[in-house]
Amino acid sequence: MNILVTGGAGYVGSHAARLLTREGHRVVVYDNLERGHAAAVLDLPLVQGHLSDRELLARTMREKQIDAVMHFAAFALVGESVTDPNLYYENNVVGSLRLLQAMRDAGVTKIVFSSTTATYGEPEKSPIAETTPQHPINPYGYSKLAVEHLLTDFAAAYGIGFAALRYFNASGASADGVIGEDHRPESHLIPIVLQVALGQREKISIFGDDYPTLDGTCIRDYIHVDDLGSAHLKALNQLQPGKGLKLNLGSGVGYSVREVIDMCREVTGHAIPAAIGPRRPGDPPALVADSSLAQRTLGWQCCYSDLRTIVTSAWNWHRAHPQGYGG
Ligand code: UDP
């Protein structure tokens, strides 16, 4: 298929674009490079543009004879979404609306969308199945949930086929170390811990050790970015006109912040000093996926999401690219 990958210069999008190419699809990356990195696109064709540019989107889809869209382009910093919600509603919601309009202009009817566990907010029970009520607790979560609603309504009224894939904690890097994770600023646990191992930070601050978990630190479900990619590929093949899939993507295994730091110590051989800091507002104690619906529906399972493989792949990339894509 000819696939337009929005946000293909970003972390998850760049890994998925590469996977799609390897599977014989023809990818066109659409990215404004505001937060993504041209270097992450490698040698794939890149159209530099904004999601707000409906005309350019539609023209690109027509000219490249696009069959389906994978929509990764979004802002994804929870804290920033609280201080600047306008940015999030504009880029994530209005941007996605423009993309859907452009799809209609160009007659493209298939889309796979990056949704998030943040649409669930602070669920009372873990593991989290798709039946868990979605009550986001920040504008980022709301912006992604709004797009899920847009997709649902566009499917019912205009016949698009979609999958909204709710990621848990995307992590790791490509096995060959060619592309990896580089957010500016970095806020994610594993890259920050590895920056300590690289001597770029003095210590890792653990955001709270008084949670009701075994060791008092928060538990998350880390899923390798290439396992996310393979789920996208499988979802693409299941899209049906007028219908939507809404699926959790996680490994189903939770690790505490302390366990992640310990694994980073083991993999890097670095002592990685840690200090207990205050809780980060809005952090639920435990978020672990029940991904059994995705497994059944897509015939998919995680292959790289054990914590050692995740951390080893991330370490290989960070070690080889200590300045990320800037070095
Ligand atoms: N975390 C931490 N110190 C950091 C960054 C993150 O203790 O410097 C914790 C955070 O509170 C959460 C977990 O690590 O419990 C994963 O955070 P991350 O930002 O990577 O992903 P999130 O779960 O927020 O999407």
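Here, residue 1 is the first one in the sequence, and each next residue gets the next number. Order of appearance sets the numbers: ligands from 1, and atoms from 1 within every ligand.
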inquiry  = Out of F207, Y211, Y222, F168, who is nearest to atom 8 (O) of ligand 1 when you count heavy atoms only?
reply    = F207
inquiry  = So if I count the atoms of ligand 1 from 1 in the order they appear, which ones are less than 4.0 Å from some heavy atom of I206?
reply    = 7 (O)
ask   = Looking only at side chains, do S96 and H71 share a donor and an acceptor under 3.5 Å apart?
value = yes
task = Examine the side chains of K246 and S115 and answer whether a donor and an acceptor come within less than 3.5 Å of each other.
result = no
query = Are any of the N/O atoms in N169 less than 3.5 Å from those in ligand 1?
reply = yes
ask   = At a non-hydrogen distance cut-off of under 4.0 Å, which region of H188 contacts ligand 1 (side chain, backbone, both, or neither)?
value = both
inquiry  = Consider ring pair (Phe, Tyr, Trp, His ring centres under 6.0 Å). Of Y167, F168, Y304, which one does H224 pass it with?
reply    = Y304
query = Among A274, P191, C218, S171, whose heavy atom sits nearest atom 15 (O) of ligand 1?
reply = C218
task = Classify the ring geometry between W317 and H321 as parallel (under 30°), tilted (30 to 60°) or perpendicular (over 60°).
result = parallel
ask   = Can N248 and S291 be counted as having a side-chain donor-acceptor contact under 3.5 angstrom?
value = no
request  = Quick one: look at D283 and ligand 1, take heavy-atom pairs under 4.0 Å, and tell me if it's side chain, backbone, both or neither.
outcome  = side chain
message = Starting from atom 9 (C) of ligand 1, what is the nearest protein heavy atom, named by residue and atom, and what distance separates them?
response = V257 CG2, 3.8 Å
query = Is there a nitrogen or oxygen of L189 sitting under 3.5 Å from a nitrogen or oxygen of ligand 1?
reply = yes
request  = Could you list the atoms of ligand 1 found under 4.0 angstrom from a heavy atom of S187?
outcome  = 5 (C), 19 (O)
inquiry  = Using modelled atom types and a 3.5 Å cut-off, is there a donor and acceptor pairing between side-chain atoms of R319 and backbone atoms of L194?
reply    = no
request  = Please report which non-hydrogen protein atom sits nearest to atom 17 (O) of ligand 1, along with the residue it belongs to and the distance in Å to one decimal place.
outcome  = R280 NH2, 3.4 Å
inquiry  = Between R220 and D283 (salt bridge meaning N to carboxylate O under 4.0 Å), is one present in this structure?
reply    = yes
inquiry  = Counting only heavy atoms closer than 4.0 Å, does ligand 1 sit against the backbone of S205, its side chain, both, or neither?
reply    = backbone
key: I204 and ligand 1 - part of the residue with a heavy-atom distance under 4.0 Å   = side chain
message = I'd like to know if E148 and K144 make a salt bridge, using a cut-off of under 4.0 Å between side-chain N and carboxylate O.
response = no
